Every structure is written in C-alpha cells, then in structure tokens.
Enquirer: 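To start, I am sharing the structure in question, which I have written as structure tokens.
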Amino acid sequence: MVAAVDKAINIVSPLISMALVGVKSCNEKFNNQKILLDDLRDIRDREEWNRAGYTAWVGIPDVLGYVYQSLHGSLGLNTDQLTVSMDLAQMKIRSAFNSEVVMSVWKHSEFVGWSESFGGKCTDNWKYLAAAYERWEWLALIFEDEITYRSSLTAYYLALHIHELAFEMASGREVSSSGHHFSVPVDFLTEEKEIKQRAISLLLRNSALPELWTCLNVTQDQMKNSWGNWIRCCQIWLRQVYRDYWFGFDQMPHRNFFDAL
C-alpha cells in the first residue's frame with residue numbers, strides 16, 4: 001500500500017505543492033488553501049472511483065486528505081501561521097461514512113492518522129508521513145531540510161493535541177489519569193529529542209498559541225492544572241501501542257510547557 005499511496009500522492013503533488021506555496025507566501029490573498037481538502041475528498045464521489053472495492057484502496061482519498069492537512073498544518077507552524085493551520089483543522093466536513101455526521105477535520109480519524117489504507121494503524125500512518133521527506137523530492141522546495149520538516153510536523157500535531165485537551169475541558173469531560181481515547185494519536189512523541197525540542201520552540205514562537213484553548217473559553221490555568229493527568233494519559237496510550245518502548249516523564253519535552261508561556 002505504501003507504493004500505491006505514493007503513486008496517488010505523486011499524481012496530486014502539483015496541486016498540493018501549489019497550495020503549500022500559497023500558505024508559505026504568508027499573504028492573506030493566497031494562504032487560505034482549505035478548499036483543496038474538499039477536492040481531494042471528492043475523488044471518492046466520482047463515477048470512475050470504485051467505492052465497493054478493497055477498503056485500503058477505497059480509502060486512498062482519505063490518505064490524500066491526511067497527507068495534505070498534515071503538510072498544510074506543518075507549514076503553518078513553520079511560517080508562524082498557527083491560525084492558518086488551525087483554520088483548516090477546525091473546518092467542518094461531513095463524514096465519508098455518514099453524511100449526517102458533521103465534525104471538524106481534526107475529529108475525523110481518517111484525516112489525523114487512522115486511515116484504513118494503512119490498516120487503521122496510527123503507527124504506520126505516522127511512519128509513512130514522518131519519512132515523506134526522503135521520498136518526495138518536491139518537499140525540499142517547501143521545507144529547508146528533513147529536520148525542519150519533521151520538527152514542523154511534530155509541532156503541528158502537538159498543537160492539535162493541546163487543542164484536543166481544551167476541547168475535552170470545554171465539553172465538560174474530566175480528564176482522567178486512568179486513560180483516554182485520543183482523537184489525535186500521539187505518535188509524534190516517538191520522535192527524537194532534538195525534533196521534539198525544535199517542535200516546542202516552533203510552537204512557542206507563534207503568538208496565536210493561546211487561541212488553541214481560548215477559542216473554546218478555556219483558561220490557561222485550567223489547561224495547566226489538567227496537563228499532568230493529560231500527560232499520564234499519553235504514557236498509558238504509548239505503553240499500549242509501543243509495548244517495547246518506555247516513555248518516562250523526562251522524555252516528554254512538553255511536560256512543563258505552560259511554564260514557558
């Protein structure tokens with residue numbers, strides 16, 4: 001499936017790269033490139049697309065959406081445009097499986113790392129995306145180098161992760177240290193320490209950072225007070241998914257995140 005998805009990505013790469021250049025311009029006339037996500041999803045509705053086939057093949061439009069929203073969000077962080085990244089992540093779209101269900105992009109599992117084309121495994125989704133710089137030459141025209149790319153990608157998913165915590169609090173759900181079912185998988189925490197440190201720096205330099213929770217009427221104190229339990233939820237999730245890897249508190253680069261604000 002990796003080869004098949006790569007072929008699909010290469011076909012639409014001119015559209016994706018053009019949209020990313022618009023984001024990178026930081027020009028309000030060009031940096032709103034949300035519409036491309038709909039275009040990629042609409043492939044599913046075309047008559048020539050076989051929607052009754054093997055799930056992994058049918059799900060390729062979702063992989064395209066996953067790749068695009070991830071690259072779009074990463075570039076937004078890289079260019080200090082967190083708001084642009086989150087505008088797409090919070091865009092309301094209908095579920096591909098139930099047209100009556102309308103949710104933000106980041107709430108759709110197939111667009112944040114659970115696509116069926118990779119067997120629904122977030123670990124395989126993340127490995128595919130994190131290694132993309134090595135396979136897609138056109139990414140070198142968007143991101144300075146592989147470290148910059150992976151740091152930006154990690155920063156974006158950390159931003160989504162923080163926003164999910166705020167969403168849970170705004171919804172009145174208590175964050176329990178006993179575990180949590182994440183909408184946004186936390187595979188980004190498996191990146192090397194240098195990548196995670198760079199990611200935190202990218203996020204902290206974005207002046208719009210507090211909007212990740214203030215847009216939901218959640219205060220910084222509320223976020224900070226819930227952060228400990230949230231990190232414990234991450235540990236539980238990581239131990240379940242990556243059974244052969246140990247993640248201690250000292251390996252969580254964002255443990256004292258709110259102290260840096």
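As the structure is a computational prediction, the values presented were derived from the model and not from experiment.
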Enquirer: Where the side chain of Ser104 meets the backbone of Lys107, is there a donor-acceptor pair that is under 3.5 Å apart?
Expert: no
Enquirer: Atom CD1 in Ile142, atom CG in Leu75: separation rounded to 0.5 Å?
Expert: 6.5 Å
Enquirer: Which one of Ile60, Asp62, Val63, Leu64 satisfies the side chain to side chain contact (heavy atoms under 4.5 Å, CB included) criterion with Leu40?
Expert: Leu64
Enquirer: Mark yes or no for whether Thr148, through its side chain, and Glu144, through its backbone, hold a donor-acceptor pair below 3.5 Å.
Expert: no
Enquirer: Quick one: does Gln69's side chain have a donor or acceptor within less than 3.5 Å of a partner on Phe111's backbone?
Expert: yes
Enquirer: Which heavy atom of Val112 sits nearest a heavy atom of Ser183, and at what distance?
Expert: CG2-O, 3.3 Å
Enquirer: Does any N or O in the side chain of Ser226 come within less than 3.5 Å of the main-chain N or O of Met223, such that one atom is a donor and the other an acceptor?
Expert: no
Enquirer: Without hydrogens or angle criteria, can the side chains of Thr190 and Asp187 be said to hold a donor-acceptor pair below 3.5 Å?
Expert: no
Enquirer: Quick one, Val84 and His72 - any side-chain contact, counting heavy atoms below 4.5 Å?
Expert: yes
Enquirer: Salt bridge or not for Arg173 and Glu168, using N-O below 4.0 Å?
Expert: yes
Enquirer: Nearest 0.5 Å please: distance from the CZ atom of Phe182 over to the CG atom of Leu160.
Expert: 13.0 Å
Enquirer: Taking atom CZ of Arg198 and atom CG of Asn78, what is their separation to the nearest 0.5 Å?
Expert: 11.0 Å
Enquirer: Does the side chain of Thr123 come within less than 4.5 Å of Tyr128's, by heavy atoms?
Expert: no
Enquirer: Could you give me the CA-CA distance, side-chain angles and deciding distance for Trp106 and His163, then say whether ring-ring contact (aromatic ring centres under 6.0 Å, His included) is met?
Expert: CA-CA 10 Å; Trp106 72 269; His163 183 67; 5.5 Å; yes
Enquirer: Parallel, tilted or perpendicular: which fits the ring planes of His161 and Trp230, with parallel below 30° and perpendicular above 60°?
Expert: tilted
Enquirer: If you take all heavy atoms of Gly76 and Ser85, which pair is closest and at what distance?
Expert: CA-OG, 3.1 Å
Enquirer: Less than 4.5 Å apart, side chain to side chain, heavy atoms only: is that true for Asp87 and Thr83?
Expert: yes
Enquirer: Parallel, tilted or perpendicular: which fits the ring planes of Trp138 and Trp136, with parallel below 30° and perpendicular above 60°?
Expert: parallel
Enquirer: Would you check if the distance from the ring center of Tyr149 to the ring center of Phe143 is below 6.0 Å?
Expert: yes
Enquirer: Return yes when atom NZ of Lys24 has more than 12 non-hydrogen atoms of other residues, nucleotides or ligands closer than 6.0 Å, and no otherwise.
Expert: yes
Enquirer: Is there side-chain contact between Trp213 and Leu165, with at least one heavy-atom pair below 4.5 Å?
Expert: no
Enquirer: List the steps and the verdict of side-chain contact (heavy atoms from CB on, under 4.5 Å) for Val105 and Gln90.
Expert: CA-CA 6 Å; Val105 169; Gln90 294 170 329; over 6 Å; no
Enquirer: Are Leu204 and Leu209 close enough that some pair of their side-chain heavy atoms sits under 4.5 Å apart?
Expert: yes
Enquirer: Evaluate side-chain contact (heavy atoms from CB on, under 4.5 Å) for Leu158 paired with Ile162, printing each intermediate quantity in order.
Expert: CA-CA 6 Å; Leu158 175 55; Ile162 293 170; 4.2 Å; yes
Enquirer: Passes side-chain contact (heavy atoms from CB on, under 4.5 Å), Met91 versus Ile93? Steps please.
Expert: CA-CA 6 Å; Met91 183 174 70; Ile93 59 174; 3.9 Å; yes
Enquirer: For Asp38 and Lys34, indicate whether the former's side chain and the latter's backbone hold a donor-acceptor pair under 3.5 Å.
Expert: no
Enquirer: Are the charged groups of Glu192 and Lys196 less than 4.0 angstrom apart, N to O?
Expert: no
Enquirer: One thing to verify: whether Arg135 and Asp6 come together as a salt bridge, which I'm taking to mean a side-chain N less than 4.0 angstrom from a carboxylate O.
Expert: yes
Enquirer: Rounded to the nearest 0.5 Å, what separation is found between the CG atom of Leu203 and the OG1 atom of Thr154?
Expert: 11.0 Å
Enquirer: With a 3.5 Å distance limit and no angle check, can you tell me whether Tyr66 reaches the backbone of Asn125 through a side-chain donor-acceptor pair?
Expert: yes
Enquirer: Do the side chain of Asn206 and the main chain of Leu82 share a donor and acceptor less than 3.5 angstrom apart?
Expert: yes
Enquirer: For the residue pair Gln33 and Leu88, what are the closest heavy atoms and their distance?
Expert: O-CD1, 4.4 Å
Enquirer: Any side-chain heavy-atom pair from Pro185 and Trp237 closer than 4.5 angstrom?
Expert: yes
Enquirer: So, Gln81 side chain and Val23 main chain: donor-acceptor pair closer than 3.5 Å or not?
Expert: yes
Enquirer: How far apart are the closest heavy atoms of Leu77 and Ser152, and which atoms are they?
Expert: CB-O, 4.3 Å
Enquirer: For residues His181 and Glu164, report the shortest heavy-atom separation together with the two atoms involved.
Expert: O-OE2, 4.0 Å
Enquirer: Taking the side chain as C-beta and beyond, is there a heavy-atom pair between Ser151 and Leu202 under 4.5 Å?
Expert: yes
Enquirer: Is the closest side-chain heavy-atom distance between Leu71 and Leu139 below 4.5 Å?
Expert: yes
Enquirer: Would you tell me whether Glu191 and Trp126 have side-chain atoms, one donor and one acceptor, within less than 3.5 Å of each other?
Expert: yes
Enquirer: Please find the pair of heavy atoms, one from Leu238 and one from Val186, that lie closest to each other, and give the distance.
Expert: CD2-O, 3.9 Å
Enquirer: Does the side-chain contact (heavy atoms from CB on, under 4.5 Å) test come out yes or no for Glu211 and Met86, once each step is laid out?
Expert: CA-CA 10 Å; Glu211 293 180 19; Met86 295 306 297; over 6 Å; no
Enquirer: Using side-chain hydrogen bond (donor to acceptor under 3.5 Å, both in side chains), reason through Tyr157 and Ser70 one step at a time and then give a plain yes or no.
Expert: CA-CA 8 Å; Tyr157 272 88; Ser70 298; 2.7 Å; yes
Enquirer: With no hydrogens and no angle check, is any side-chain donor or acceptor of Gln197 less than 3.5 Å from a backbone partner on Glu194?
Expert: no
